[in-house]
Structure formats: structure tokens, C-alpha cells
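Small disclaimer: the values here were computed from a predicted structure and weren't measured.
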Amino acid sequence: MVFSNSFAPLWVIGLVVGVTVLALVFDVLVLGRRPHVPSNRETGTALGIYVSLAVLFGVYVWVAGGAQLGAEYYAGWLTEYSLSVDNLFVFLIIMAKFQVPRRYQQFALLVGIIIALVLRAIFILVGAAAIERWSWVFYIFGAFLIYTAFKLAIENLGHDKEDEEWEENALLKWVERRFPVTQSWDAGTRLRTVEAGKKVLTPMFIVILSLGMTDLLFALDSIPAIFGLTQDPFLVLMANIFALMGLRQLYFLIGNLLQRLVYLGLGLSVLLAFIGVKLVLHAVHENTLPFLNDGQPIHAVPEVPIWLSLTMIVGILAVTTVASLLKSRADAQRNLQVKEELDLDELSEVGLAIRESDGHIVDEHDHDRTVPADEVQRRLDEGPRSDDPSRTGDAG
């Protein structure tokens, strides 16, 4: 059995996972009957509870399994949580693309996250079984994380996240081709409804499927990353559960703050690269590949201790957050000065800015393009852009 090599007895694993599932089921039933816009107090309280539970679970691991496992859990949980925060940006885009009414967003997020949890659990079980049987899998995980880190760094250095677009995957396109889908939100949180005498899928069904599938794709990065920090499948599973359980609250609390974390992608690329190198070193240290050192482990290769991993994770996230907020604050102060001097408050809401060099009105995302007067008036008449996730009121 996959959990046979875990530090915790099976009855503890079953109890903890069972209580978590019951909590999620209760949450779904409550939200399903009462879709609403969560207040800051509501989301803050729920997030505090989830974070506290995650921390308390780490204390249990530290006491029952030892300091090594405790540190592994905290490192894994922090990594999963930071990767989840970056994923929120795509969630914002999905909500804006499908124009989800704000009162239904909490329900969509919760059900989508539950789907992601089920799929991640399957992925974790498969990954744990593969690692237990073939130690060379760590080579693949490590190489994949290093490649992902490089790709993420290039993307973040090349352009702003605001220029990224989310595209429907093959499964979503197939569903929309195969089944009739209504564009109306009159059905609320229901997944199917009747329109013109025919049964059709609702936008809520498509949104939930989009969120679940999108998070599963993110798992391709996060699951190998956490296996690089701990090989205990119970800790891997719980770190993912606690990271996703608080994701819904984070969506509403930091939807606007997310736009200020401009260096988050770069920080995560460094983090993934570090864990990737750690995985490769571990694979070499435990080598079984016949064409490398005759299939014998290379013990001369050092392994990265967990205390160093935890220190690096906390340090990278701290530096990334502080640097992002400092840059955002400096940019905001500079923009505020320009707006006050040129009375730009109204224009800034419709994606326009004043070029400081010549005073012309330009597009915020393309400062080389001067916007003609008729387009300025058109944007002012239309109001704030609905395709800009940082300005959609649905984000909290």
C-alpha cells in the first residue's frame, strides 16, 4: 500500500483525511444553498482557521514523526501555498472570461478546488507508487522542474502577466462542441438547466471544469516539487489539501494585492530550480541507473538538508514579496504624481496613460502607440475594461 511507508498509522491517516473530506462536503452544502459575496471578515476568519489547522498539523508531525519530518511538511506546505497564490491569477482571468457573477464565484471556486483535490490525490498516489518502485523517477522530476523554472523565468522577464491570456484546453472545447451550453446565468449554481425545452449545460459547469482542469495542470509542477522535499505520501497529500483549502479565501482577500506581486513568478522560478537541483542530487546519491557508475549510488554527491531547503523557501518568498511590494509602492507613487499633475484618474480606469516624455495619451500596455481622440472618447464611454482581471469587481 502507498501509505505503508508513512510515519503515521493508517487509522490516523484515515481519520485526518476523513475529517477533511467531511469539512469540504459541509462547505459545499452550505454554499450551494446560500451563494453569496463573502465579506472580508468571513474570508479572513475562514483563512485563519485553515492556516491554523495547517500549522497545528505540522506541530503534530513534528511531535509524532520528529523534527526532520516536521520541517519537510512545513517546507512542502509553504511551497504548495506559494505556487497556489501564483495560480490565482489564472483563476481571475477565468472568472472574467466567463463573466461569472460575483455572488456565484465562491461556489465555483470551491467545487473546482474539490475536483482538483480528487485529481491531485490520484496523481500523488501514482507518483508515490512510482517513486517507491523506481528511484530514477527523481531524475525526471528534477529535470522537469529545472525546465519549468527556466520557462517561467523567461515568461516573467519577457512580458507582464497582464498580457497573458487563458485558453480553453482540448477537454473544454470537446465538451462545448459535444453538448449544448447556455450563456445565461439565470440557472445560478446549477450545472444543467432547461432552455427552450432542451436540457443544456450551464456556464457554471464550464467554469467549474475549467478551474479543476487548470489546477490539475498546475499540479504537474507542484507535485514533483513537493516530492523533492518529502517522500512521505501522507505529508504530500495534506500539504496539498491545506494549500487548496485556503485558496478560495485568498482569491477574495488578495485579488487586488496579487497584481502587486510583480516578482512572484521570478521568485517561484528560483524556488523550482532549487528544488529541481535538489531532486537531481538526491537521484544521483541514490542512483540505480546501470549506465551511471555501474548502477551504484554515488555517495560523494552531497544531498541538500531539509533545514537548508526550508531556509531557502522562506528566504526566496520573503525577498520576492518585499521586493514586489517596494516596486509596486514606488510605481504607485510615481503614477499618482503623474495623475495628479495631468488629471488622469478617469483615463487610468480605461487602460490609458499619459506618456511623460511628450504628454500624449497612450495605451498602458503599449506606450509606443498614441491613442487617437476618438478612441479615447470611446473608451471613456464604455467605462472600465471587462477583460482586465485587475479591474473586475468580481475579484473581491
Side-chain angles (χ1 to χ4, degrees), residues 68 71-90 120 123-124 127-128 130-131 135-161 163-164 214-232 235-236 239-240 243 258 261-287 289 292 298 300-327:
Q68 172 73 16
E72 289 180 5
Y73 163 75
Y74 282 122
W77 174 57
L78 286 173
T79 299
E80 292 297 311
Y81 219 83
S82 58
L83 290 170
S84 295
V85 170
D86 192 48
N87 300 345
L88 286 180
F89 183 83
V90 180
R120 282 197 184 204
F123 193 38
I124 289 170
I131 289 173
S135 61
W136 50 263
V137 170
F138 284 114
Y139 284 109
I140 299 177
F141 282 0
F144 179 73
L145 287 181
I146 293 174
Y147 165 76
T148 302
F150 176 77
K151 183 179 177 182
L152 184 60
I154 294 298
E155 290 175 353
N156 279 270
L157 290 173
H159 61 279
D160 285 333
K161 278 192 168 186
D163 294 331
E164 294 180 4
T214 299
D215 194 84
L216 180 63
L217 293 177
F218 291 139
L220 296 177
D221 300 336
S222 63
I223 299 301
I226 192 173
F227 270 120
L229 299 168
T230 179
Q231 280 80 63
D232 190 315
L235 298 185
V236 173
N240 273 271
L258 188 61
L261 299 179
V262 293
Y263 294 132
L264 179 60
L266 286 176
L268 292 177
S269 67
V270 175
L271 178 57
L272 290 177
F274 170 76
I275 299 177
V277 171
K278 181 180 186 297
L279 275 171
V280 172
L281 292 176
H282 175 74
V284 173
H285 193 269
E286 303 292 331
N287 176 64
L289 295 177
L292 183 62
I298 306 177
V301 175
E303 287 207 78
V304 179
I306 190 59
W307 66 264
L308 179 58
S309 298
L310 186 57
T311 302
M312 285 291 294
I313 291 169
V314 174
I316 290 171
L317 295 179
V319 170
T320 297
T321 302
V322 172
S324 296
L325 295 180
L326 288 176
K327 183 180 187 302

Check: Going through the checks in order, is the side-chain contact (heavy atoms from CB on, under 4.5 Å) test met by Asn240 and Ile223?
Finding: CA-CA 8 Å; Asn240 273 271; Ile223 299 301; 3.5 Å; yes
Sequence neighbours excluded and cut-off under 3.5 Å, please list the side-chain donor-acceptor pairs for residues 263-277, or say none.
residue, atom, partner, partner atom, Å
Ser269, OG, Leu266, O, 2.5

Notebook entry, point to check: Is there side-chain contact between Val284 and Tyr139, with heavy atoms separated by less than 4.5 Å?
Noted result: yes
Checklist line | Thr79: side chain to side chain donor-acceptor pair (under 3.5 Å) partners, not counting sequence neighbours | finding: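 Partners of Thr79 by the side chain to side chain donor-acceptor pair (under 3.5 Å) criterion come out as none, since no residue qualifies.
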Margin query: Using every non-hydrogen atom in the two residues, find where Leu279 and Gly228 come nearest and quote the distance to one decimal.
Written below: CD2-CA, 3.2 Å
Item checked: Heavy-atom pair with the smallest gap, counting every atom of Ile306 and Gln68 -> CG2-OE1, 3.2 Å
Give every donor-acceptor pair under 3.5 Å between a side-chain atom in residues 143-153 and any protein atom, sequence neighbours left out.
residue, atom, partner, partner atom, Å
Thr148, OG1, Phe144, O, 2.8

Checklist line | Point-to-point distance, once rounded to the nearest 0.5 Å, from OH of Tyr73 to CG of Leu78 | finding: 9.0 Å
Next item on the list: State which residues pass ring pair (Phe, Tyr, Trp, His ring centres under 6.0 Å) with Phe227; sequence neighbours excluded, sorted by chain then number.
Entry: none
Margin query: Restricting to salt bridge (Lys or Arg N to Asp or Glu O under 4.0 Å), what partner residues turn up for Glu80, sequence neighbours left out?
Written below: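 For Glu80 the salt bridge (Lys or Arg N to Asp or Glu O under 4.0 Å) partners, ignoring immediate neighbours, are Arg120.
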Considering only distance and modelled atom types, tabulate donor-acceptor pairs under 3.5 Å from the side chains of residues 308-319, sequence neighbours left out.
residue, atom, partner, partner atom, Å
Ser309, OG, Pro305, O, 3.4
Thr311, OG1, Trp307, O, 2.7

